[in-house]
Amino acid sequence: MPTPMSKPEEWPARSLLGMLSPAARQELLGLGTEVRFDAGDLLLREGMDDRHVLLLLSGFVKVTASVENGETSLLAVRAAGDTVGEMAAMNGAPRSATVTACGPVTARILRTGEFRELQLRRPEVSIALTGIVADRLRWANRRRLDFRGYPAKVRLARLLVEFAASYGSARSGGVVIGCRLTQPELATLVGAAETTIHKVLRELRDEGLLETGYRSTTIRDLPSLRQLGDLAGELP
């Protein structure tokens, strides 16, 4: 099993743990009970009435939801430092999505009461969480705008650049995104047909921008991918 990250600089800057002060972070990490999941395990199930929050310490998870025709759509990816399940804890509604481990995952189960008490004691936790929810809404809105403004290849490039910034690890061969997404899942996220994504991925591999492997995607040429995604002039 992977060892949970413990040093402040190891938490992704955009995650909840990465945004908190050392004191608030340590208090949050002291709550709840540690649990471990294997690849394919369900952390949360859509429609259930449980209210606990999961604080991810290591690994990646996929957030999915069912649509009217019974198919499953990928909504997001979450990684170490993030929380999942906070929406049900905040508004008391049934779970709006299913969360599945992409590989080995370590997390802490936080009871709703203790999580709310922490937010009262440490308002910065509540402020950070509100900012994260706003960022997630902004991300979803940006995806909708991308659907109308860019072709599928550009949309996929933009998505991969964002994943590299949020979840990537710099290696000698490029930037590794540790959560392997299937072609149907990528198609859902960029609003394209699976056959189109298959073609685009092949083109990106042939152009030397991308390499796909077992449970990982490596961006070989991030500057070129940023340029393809019309992101060259934006901050990383």
Side-chain angles (χ1 to χ4, degrees), residues 1-2 4-6 11-12 14-21 23-68 70-141 143 166-167 179 185 188-189:
M1 289 290 184
M5 294 184 289
S6 57
W11 301 109
R14 299 180 185 180
S15 69
L16 178 60
L17 288 176
M19 295 173 65
L20 298 179
S21 67
R25 182 188 302 113
Q26 201 60 36
E27 192 167 351
L28 177 56
L29 287 169
L31 298 180
T33 304
E34 185 172 308
V35 291
R36 295 171 184 259
F37 302 93
D38 293 322
D41 286 350
L42 296 186
L43 285 70
L44 301 171
R45 189 186 295 272
E46 182 180 2
M48 298 299 289
D49 291 324
D50 49 316
R51 298 285 182 267
H52 62 274
V53 177
L54 284 163
L55 175 65
L56 304 178
L57 303 179
S58 68
F60 291 87
V61 300
K62 297 177 184 179
V63 183
T64 60
S66 300
V67 292
E68 290 184 0
E71 295 184 1
T72 298
S73 293
L74 178 65
L75 303 180
V77 173
R78 301 286 179 250
D82 289 330
T83 56
V84 290
E86 69 280 348
M87 296 302 295
M90 293 168 66
N91 64 13
R95 299 289 185 193
S96 60
T98 293
V99 178
T100 308
C102 296
V105 170
T106 306
R108 296 194 73 83
I109 295 181
L110 312 179
R111 298 189 305 275
T112 303
E114 64 180 348
F115 190 55
R116 288 178 176 173
E117 289 171 5
L118 175 64
Q119 293 180 70
L120 293 175
R121 291 196 307 272
R122 297 276 189 181
E124 70 169 284
V125 176
S126 182
I127 293 171
L129 192 61
T130 300
I132 288 170
V133 172
D135 284 343
R136 292 174 181 176
L137 177 59
R138 187 178 296 111
W139 186 89
N141 288 338
R143 293 281 75 74
S166 298
Y167 308 119
C179 185
E185 290 168 342
T188 297
L189 285 176

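Annotation: salt bridge (Lys or Arg N to Asp or Glu O under 4.0 Å) contacts of R121 (sequence neighbours excluded): E27. With sequence neighbours excluded, no residue forms a salt bridge (Lys or Arg N to Asp or Glu O under 4.0 Å) with D41. The side-chain contact (heavy atoms from CB on, under 4.5 Å) test applied to D135 returns R138, not counting sequence neighbours. Here R136 pairs with E86 under the side chain to side chain donor-acceptor pair (under 3.5 Å) rule; sequence neighbours left out. Looking at residues two or more places apart in sequence or on another chain, you find a side-chain contact (heavy atoms from CB on, under 4.5 Å) between D49 and R51, P94. Scanning for side-chain contact (heavy atoms from CB on, under 4.5 Å) contacts around I127 gives an empty result, with sequence neighbours left out.
Note: K62 NZ to L75 CG = 12.5 Å, rounded to the nearest 0.5 Å. Put simply, OG1 on T83 and CG on L110 are 8.5 Å apart, with the number rounded to the nearest 0.5 Å. For the atom pair CG (L54) and CZ (F115), the distance works out to 11.0 Å, reported to the nearest 0.5 Å. The NE2 atom of H52 sits 11.5 Å away from atom CD of E114, with the distance rounded to the nearest 0.5 Å.
Within the 4.5 Å cutoff, no side-chain heavy atoms of F37 are placed close to those of V99. Counting heavy atoms from C-beta on, the side chains of I132 and M19 come closer than 4.5 Å. Within the 4.5 Å cutoff, the side chain of T98 has heavy atoms near those of the T100 side chain. Residues T188 and T64 fail the side-chain proximity criterion, which asks for heavy atoms closer than 4.5 Å. The shortest side-chain heavy-atom distance between L57 and L29 falls under the 4.5 Å cut-off.
A donor-acceptor pair under 3.5 Å is absent between the side-chain atoms of R108 and the main chain of L55, judged by distance alone. Judged by distance alone, the side chain of E46 and the main-chain N or O of S66 form a donor-acceptor pair under 3.5 Å.
If you run salt bridge (Lys or Arg N to Asp or Glu O under 4.0 Å) between D50 and each of R111, R45, R95, only R95 comes through.
Counting all heavy atoms, side chain and backbone alike, S15 lies closest to A80 at CB-O, 4.1 Å. Nearest heavy-atom pair, V61 versus A101, reported as atom, atom and distance to 0.1 Å: CG1-CA, 4.1 Å. The heavy-atom pair separating R122 from A23 by the smallest distance is NH2-CB, 3.7 Å. Contact record, E124 with S21: OE2-OG, 2.8 Å, taken as the closest heavy-atom pair. What you find for R36 and T106 is that their closest heavy atoms are NH1-OG1, 3.9 Å. Across every non-hydrogen atom of A65 and S96, the tightest pair is CB-O, 3.9 Å.
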